[in-house]
Peer 1: 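Mind looking over this structure? Questions follow.
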Amino acid sequence: MAETVSSFWGPVTSTTECCEQNYAYSSYIAEFYNTISNIPTIFLALIGLINAFRQRFEKRFSVLHLSNMALAIGSMLYHATLQSVQQQSDETPMVWEMLLYMYILYSPDWHYRSTMPIFLFLYGAVFAVAHSVFHLGIGFKVHYIILCLLCTPRMYKYYIYTEDVFAKRLAKLYAVTLVLGSLFWLGDRLFCKEISGWPINPQGHAFWHVFMGFKSYFANTFLMFCRAQQRGWSPKVVLLLGVLPYVKIDKPKSQ
């Protein structure tokens, strides 16, 4: 929500704003709740990164968790400043992250192992340049949705071929948090005028960030389980502090 107030960052230059009053709590943070709501994503990605590194999962999963952290940090910069330059630091990593998911999902059956990562890297680089020059706007959103849809059939295939009950539960949690987060995002976008008249703003976009953080964690953990199963590492889902699921593996000594 645009507000004519003095701010550390100057006038808003981003092409998209959310339904939150700007600079309501600090002249240094444009959208307070949309900024701090990225913290859970960073925390969850850090837990996933530590687990992937400690148990010596393939490097792709460490990169995946790092990409989740980078996306959350970029989102914080964007919502804190509402500057067009920082908007790129939020939106471009979203596309890069989906390209990484595509690699992890499809690479086990890809016959030309070097071709796929090279293509995805070049695709991500070309997109970054195009988005920085043309500021794609609605085109970015459509493009992002298409990338998500391309990942969906493979995720479903992994789900139906997974017999472990607890691993299936991870996939279900991924789907539930994705749907709930999307509903909050839509509500914030479509009903902002009505929400602005309410005594309390439900901060739908902030909830979208929180749900997307858990969505990414559940998706990553499920994919780690599936990959460990492919490699014969006897994976099982256990709970951290009795609450947060993660994958524990038993690698053969030869690996």
Peer 1: Return yes when atom OH of Tyr144 has more than 12 non-hydrogen atoms of other residues, nucleotides or ligands closer than 6.0 Å, and no otherwise.
Peer 2: yes

Peer 1: Checking side-chain contact (heavy atoms from CB on, under 4.5 Å) against Leu244, which of Leu44, Thr221, Leu239 comes through?
Peer 2: Leu44

Peer 1: More than 12 foreign heavy atoms under 6.0 Å from CZ of Phe207: is that the case here?
Peer 2: no

Peer 1: Check step by step if side-chain contact (heavy atoms from CB on, under 4.5 Å) holds for Met212 and Thr41.
Peer 2: CA-CA 8 Å; Met212 289 301 101; Thr41 301; 5.7 Å; no

Peer 1: Is it true that a side-chain atom of Trp9 and a backbone atom of Tyr28 form a donor plus acceptor pair closer than 3.5 Å?
Peer 2: yes

Peer 1: If I compare all heavy atoms of Lys168 with all of Ile160, which pair ends up nearest, and what's the gap?
Peer 2: NZ-CA, 4.0 Å

Peer 1: Using the rule that Ile, Leu, Val, Met, Phe, Trp and Tyr join whenever any side-chain heavy atoms are under 4.5 Å apart, tell me whether Met224 and Leu46 fall into a single cluster.
Peer 2: no

Peer 1: With a 4.5 Å cut-off on side-chain heavy atoms, are Met155 and Thr152 touching?
Peer 2: no

Peer 1: Would you say that Tyr246 contacts Tyr217 through its side chain, given a criterion of any heavy-atom pair below 4.5 Å between the two side chains?
Peer 2: yes

Peer 1: Could you tell me whether a side-chain N or O of Glu17 sits under 3.5 Å from a main-chain N or O of Leu82, the two making a donor and an acceptor?
Peer 2: no

Peer 1: Taking side chain as C-beta onward, heavy atoms only, is Leu136 less than 4.5 Å from His143?
Peer 2: no

Peer 1: Taking all non-hydrogen atoms of both residues, which atom of Leu240 and which atom of Ile47 are closest, and how far apart?
Peer 2: CD2-CG2, 4.1 Å

Peer 1: Mark yes or no for whether His205, through its side chain, and Cys19, through its backbone, hold a donor-acceptor pair below 3.5 Å.
Peer 2: no

Peer 1: When rounded to the nearest 0.5 angstrom, what distance separates CG in Leu186 from CH2 in Trp208?
Peer 2: 9.0 Å

Peer 1: How far apart are the C-alpha atoms of Tyr103 and Met116, what are their side-chain angles, what is the distance that settles it, and do they pass the side-chain contact (heavy atoms from CB on, under 4.5 Å) test?
Peer 2: CA-CA 7 Å; Tyr103 171 72; Met116 187 180 189; 4.1 Å; yes

Peer 1: If you compare all heavy atoms of Asn51 against all heavy atoms of Phe57, which two are closest, and at what distance to 0.1 Å?
Peer 2: O-CD1, 4.3 Å

Peer 1: Heavy-atom distance under 4.5 Å between the side chains of Phe32 and Glu20, does that happen here?
Peer 2: yes

Peer 1: Any side-chain to backbone donor/acceptor pair from Ser89 onto Gln86? Under 3.5 Å, distance only.
Peer 2: yes

Peer 1: Determine whether Arg60 and Leu223 make a side-chain contact, defined as any pair of heavy atoms from C-beta on separated by less than 4.5 Å.
Peer 2: no

Peer 1: Do Leu77 and Asp90 touch side chain to side chain, with heavy atoms closer than 4.5 Å?
Peer 2: no

Peer 1: Measure the CD1-CD distance between Ile249 and Gln229 for me, rounded to the nearest 0.5 Å.
Peer 2: 12.5 Å

Peer 1: Is it the case that over 12 heavy atoms from other parts of the model lie below 6.0 angstrom from the NZ atom of Lys141?
Peer 2: yes

Peer 1: Between atom OG1 of Thr177 and atom NZ of Lys172, what is the distance when rounded to the nearest 0.5 Å?
Peer 2: 14.0 Å

Peer 1: Is it true that a side-chain atom of Asp188 and a backbone atom of Cys18 form a donor plus acceptor pair closer than 3.5 Å?
Peer 2: no

Peer 1: In the structure I gave you, are the side-chain heavy atoms of Phe61 and Arg227 within less than 4.5 Å of one another anywhere?
Peer 2: yes

Peer 1: Taking the side chain as every heavy atom from C-beta outward, state whether Pro245 and Phe218 have any atom pair closer than 4.5 Å.
Peer 2: yes

Peer 1: Report yes or no: does Ser14 contribute a side-chain atom to a donor-acceptor pair with the main-chain N or O of Thr16 at less than 3.5 Å?
Peer 2: yes

Peer 1: So, Tyr158 side chain and Leu105 main chain: donor-acceptor pair closer than 3.5 Å or not?
Peer 2: yes

Peer 1: State whether the side chain of Gln21 and the backbone N or O of Ala30 hold a donor-acceptor pair below 3.5 Å, judged by distance alone.
Peer 2: no

Peer 1: Would you check if the side chain of Thr13 reaches a backbone N or O of Ser84 as a donor-acceptor pair within less than 3.5 Å?
Peer 2: yes

Peer 1: Do Asn220 and Tyr174 have a side chain donor and acceptor closer than 3.5 Å?
Peer 2: no

Peer 1: Is the backbone N or O of Tyr23 less than 3.5 Å from a side-chain atom of Ser27, with the two atoms forming a donor-acceptor pair by type?
Peer 2: no

Peer 1: Between atom CG of Leu149 and atom CE of Met98, what is the distance when rounded to the nearest 0.5 Å?
Peer 2: 9.0 Å

Peer 1: Atom CG of Leu178 and atom OG of Ser216: how far apart are they, to the nearest 0.5 Å?
Peer 2: 9.5 Å

Peer 1: Return the CD1 to CD distance between Ile195 and Gln203, rounded to the nearest 0.5 Å.
Peer 2: 9.0 Å

